[in-house]
Q: 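Before I ask anything, let me first share the structure, which is written out below as structure tokens.
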Amino acid sequence: MELLSGGEMVVRALHDEGVKYIYGYPGGALLHVYDALFRQEDVQHILVRHEQAATHMADAYARATGKAGVALVTSGPGATNAVTGIATAYMDSIPMVVITGQVMSHLIGEDAFQETDMMGISRPIVKHSFSVSRAEDIPAIIKKAFHIAQSGRPGPVVVDIPKDMTSPTERYEYEYPKTVKLRSYSPVTRGHSGQIKKATDLLLAAKRPVLYTGGGVIMGNASAELIQLARMLNYPVTNTLMGLGGFPGTDRQFIGMLGMHGSYEANMAMHHSDLILAVGARFDDRVTNGLDKFCPTAKIIHIDIDPASISKTVKADIPIVGPAQAVLAEMIELVGASKKQPDAAAIKTWWDQIDEWRTRHGGRYRTDDSDKMKPQQVIEMLSKVTNGDAYVCSDVGQHQMFAAQYYKFNKPNRWINSGGLGTMGFGLPAAMGVQMNFPDADVACVTGEGSIQMNIQELSTCKQYDLPVKIINLNNQSLGMVRQWQDMNYESRHSHSYMKSLPDFVKLAEAYGHVGMKVEKYSDLEAAMREAFAMKDRLVFMDIYVDQFEHVYPMQVPRGSMRDMWLTKTERT
């Protein structure tokens with residue numbers, strides 16, 4: 001047996017788990033681990049400029065690959081700076097392992113320098129947490145952390161390690177477990193066959209069906225099965241914000257994103273449906289609107305790997321607990337073998353109605369004869385220039401919704417955004433995490449002048465590691481979504497939603513050693529964007545000035561049904 005210190009075991013365990021990159025920031029409680037990192041070359045550490053960025057980089061890596069990302073932060077403020085990133089991952093069911101330093105064991109509870117109760121602070125926002133009390137347990141704990149983070153409904157796991165557990169003077173026999181078994185944790189690996197049979201029979205009998213799919217299809221690697229089932233049935237498919245790319249965005253059967261800023265046709269189809277097959281989606285408030293008015297004529301089949309999510313807000317007529325991929329695969333077999341097939345005449349009538357809704361709205365927006373840019377035009381140009389094949393990482397706000405609506409995602413794991421928590425500052429470090437792991441890919445950070453400034457210090461990290469991210473800053477000189485709500489609900493009393501004294505983003509980017517571009521006219525946009533993406537080895541900050549007063553539409557009427565929407569500033573369903 002090889003003898004290793006606790007600090008060396010942390011690094012070796014990460015290597016044996018297959019980890020290539022960890023994202024972090026050093027501090028006193030972790031210096032033994034950082035010294036072990038220095039003395040090896042297999043696990044590469046990426047030095048961020050703020051711990052929140054480390055968690056977002058790890059998170060985005062997980063969203064793009066399906067594997068758990070790893071963040072490494074010190075005790076006290078290092079750990080508390082990571083809390084927002086942990087909560088972001090938790091809300092969106094993203095696998096992540098966050099290793100936090102802690103004061104020495106005998107000082108815990110003594111209000112020691114840089115001590116915080118990370119176990120207590122993080123408990124509501126983690127899938128599980130570990131506190132190391134014996135250094136020899138480190139390999140087993142790391143193995144369990146990855147297993148829990150990546151299996152079942154994914155989520156973040158915290159491993160809190162007191163400094164004395166990593167001391168270089170104490171050595172222990174090291175062996176990394178090949179398997180792990182937890183008596184109290186055994187997520188399901190398939191759905192109940194009887195329930196799947198009932199669901200399939202109901203699915204085949206539907207006259208106005210909708211396949212409503214969420215992030216569980218993406219993280220559950222079930223996109224291929226979803227596409228196959230939809231093709232067999234010829235049923236319409238709508239995605240949640242987190243599910244975009246799970247079904248091809250340019251496909252005729254795709255009716256757009258649903259919900260608060262969903263497409264007219266998706267929301268209308270949901271409201272009038274007689275059957276909803278929900279796969280890996282939560283029926284959250286940004287989808288359902290007023291629960292008492294939600295899809296009044298629909299029966300609901302709900303597939304989710306987390307039993308706690310089923311019937312939590314909307315009662316399922318047929319609940320199926322299981323992984324999306326396995327359940328959909330079984331459904332495909334049953335549909336293929338069934339003598340009963342969908343009612344072709346009814347489905348044609350349903351498609352005729354959906355196409356009529358699509359023709360009536362279809363993502364339209366107003367332009368004028370001036371050269372003033374609309375944010376929708378910028379996203380459409382981004383999709384055109386990148387051939388719809390970029391990794392698009394978004395911050396949170398109007399720009400996020402415009403990106404979701406107007407960039408057509410044809411592949412899973414390409415749309416990287418903070419859905420559940422809505423974390424401003426997510427976009428840039430997320431794009432960095434993706435670019436680090438996919439160096440030859442086009443990676444765009446769609447952001448606004450409010451969001452980008454929350455983690456703009458990471459432009460320094462981008463320079464250190466030569467990360468050629470393309471930043472698409474939709475600059476409307478305001479907190480756009482806040483201002484939109486103030487326009488709609490507060491008689492345009494714009495309380496603290498305008499951004500004054502903004503920096504010159506071009507000069508700021510250049511100060512960090514990058515390329516800056518300012519675009520003010522639509523006629524200049526395509527050439528500038530093509531030039532930016534042609535610079536394969538440079539970060540380019542595109543500061544693009546868009547219409548200051550543009551709103552995101554459609555927008556559901558609060559507490560209404562799914563069919564109750566504002567379509568423009570003056571037009572309502």
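Just the heavy atoms: all of them, side chains too, but no hydrogens, waters or symmetry mates, feed the values below.
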Q: Give, for atom CD1 of Ile471 and atom CD1 of Ile456, the distance between the pair rounded to the nearest 0.5 Å.
A: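 That separation rounds to 7.0 Å.
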Q: Going by the rule side chain to side chain contact (heavy atoms under 4.5 Å, CB included), which residues pair with Pro439 if we only count those two or more places apart in sequence or in a different chain?
A: none
Q: Looking just at side-chain N and O atoms, do Glu550 and Gln398 make a donor-acceptor pair shorter than 3.5 Å?
A: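 No.
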Q: Are Thr447 and Ser394 close enough, and set up right, to give a side-chain contact (heavy atoms from CB on, under 4.5 Å), and what steps lead you there?
A: CA-CA 6 Å; Thr447 187; Ser394 167; over 6 Å; no
Q: Let's go through Val519 and Met542 carefully: what are the C-alpha distance in whole Å and the side-chain angles of both, what is the deciding distance for side-chain contact (heavy atoms from CB on, under 4.5 Å) to 0.1 Å, and is it a yes or a no?
A: CA-CA 7 Å; Val519 185; Met542 297 194 72; 4.0 Å; yes
Q: For Ser478, which of Lys500, Arg483, Gln548 qualifies under side-chain hydrogen bond (donor to acceptor under 3.5 Å, both in side chains)?
A: Arg483
Q: Tell me whether Arg49 contacts the main-chain N or O of Leu47 through its side chain, where contact means a donor paired with an acceptor under 3.5 Å.
A: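 A pair under 3.5 Å: yes.
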Q: If you measure from CE on Met260 to CG on Asn267, what distance do you get to the nearest 0.5 Å?
A: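 It is 11.0 Å, given to the nearest 0.5 Å.
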Q: Do the two ring centres, one from Phe283 and one from Tyr212, sit under 6.0 Å apart?
A: yes
Q: Under the 6.0 Å and 45° cation-pi test, does Arg414 pair with Tyr391?
A: yes
Q: Please verify the inter-ring angle class for Tyr34 with His45; under 30° counts as parallel, over 60° as perpendicular, anything in between as tilted.
A: perpendicular
Q: Who are the salt bridge (Lys or Arg N to Asp or Glu O under 4.0 Å) partners of Arg364, not counting sequence neighbours?
A: Glu571
Q: Tell me, with the steps shown, if Asp487 and His551 meet side chain to side chain donor-acceptor pair (under 3.5 Å).
A: CA-CA 9 Å; Asp487 283 339; His551 285 182; 2.9 Å; yes
Q: Using only atom types and a distance under 3.5 Å, with no angle test, would you say the side chain of Asn410 pairs donor to acceptor with the backbone of Thr250?
A: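 Answer holds: yes.
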Q: Taking the basic N atoms (NZ, or NE/NH1/NH2) and the acidic carboxylate oxygens, is any pair closer than 4.0 Å for Asp59 and Arg63?
A: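 Yes, Asp59 and Arg63 are salt-bridged.
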Q: Checking side chain to side chain contact (heavy atoms under 4.5 Å, CB included) between Ile22 and each of Ile46, Val97, Val43, which is the one that passes?
A: Val43
Q: Rounded to the nearest 0.5 Å, what separation is found between the CD1 atom of Ile305 and the OG atom of Ser151?
A: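 It is 8.0 Å, given to the nearest 0.5 Å.
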Q: Going by the side chain to side chain donor-acceptor pair (under 3.5 Å) test, which pairs reach into residues 422-431, not counting sequence neighbours?
A: Thr88-Thr423, Ser418-Thr423
Q: Should we count NZ of Lys20 as having more than 12 external heavy atoms under 6.0 Å?
A: no
Q: Report the distance from atom CD1 of Ile99 to atom CG of Leu14, rounding to the nearest 0.5 Å.
A: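 So the CD1 of Ile99 and the CG of Leu14 are separated by 4.5 Å.
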Q: If you round to the nearest 0.5 Å, how far is CD of Glu458 from NZ of Lys463?
A: 16.0 Å
Q: Within a reach of under 6.0 Å around NZ of Lys408, are more than 12 heavy atoms found that belong to other residues, nucleotides or ligands?
A: yes
Q: Just to verify, what does Asn437 make a side chain to side chain contact (heavy atoms under 4.5 Å, CB included) with, not counting sequence neighbours?
A: Tyr21, Tyr23, Tyr61
Q: Does a side chain donor of either Gln52 or Asn81 reach within less than 3.5 Å of an acceptor in the other side chain?
A: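 Short answer, no.
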Q: Among all residues two or more places apart in sequence or in another chain, which pass the ring-ring contact (aromatic ring centres under 6.0 Å, His included) test with Tyr490?
A: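 By the ring-ring contact (aromatic ring centres under 6.0 Å, His included) rule, Tyr490 matches no residue at all.
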Q: Carefully, step by step, assess Gln400 and Asn417 under the rule side chain to side chain donor-acceptor pair (under 3.5 Å).
A: CA-CA 8 Å; Gln400 176 190 27; Asn417 84 116; 2.6 Å; yes
Q: Which pairs, with at least one residue in residues 511-539 and sequence neighbours excluded, count as a side chain to side chain donor-acceptor pair (under 3.5 Å)?
A: Asp371-Ser523, Lys384-Glu526, Asp442-Lys536, Glu526-Arg530
Q: Applying side-chain contact (heavy atoms from CB on, under 4.5 Å) to Phe247 and Thr238, what does each step give before you reach the verdict?
A: CA-CA 8 Å; Phe247 191 84; Thr238 180; over 6 Å; no
Q: Looking just at side-chain N and O atoms, do Ser309 and Arg153 make a donor-acceptor pair shorter than 3.5 Å?
A: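 Yes, side-chain donor-acceptor contact under 3.5 Å.
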Q: Nearest 0.5 Å, what's the CD-CD distance between Gln484 and Gln486?
A: 11.0 Å
Q: Tell me whether the centres of the aromatic rings in Tyr553 and Tyr365 are closer together than 6.0 Å.
A: no
Q: Check the pair Thr367, Gln377 against side-chain contact (heavy atoms from CB on, under 4.5 Å), reporting the backbone distance first and the verdict last.
A: CA-CA 9 Å; Thr367 57; Gln377 291 176 304; 3.9 Å; yes
Q: Decide, yes or no, whether a salt bridge links Asp389 with Lys411 under the criterion of side-chain N to carboxylate O below 4.0 Å.
A: yes
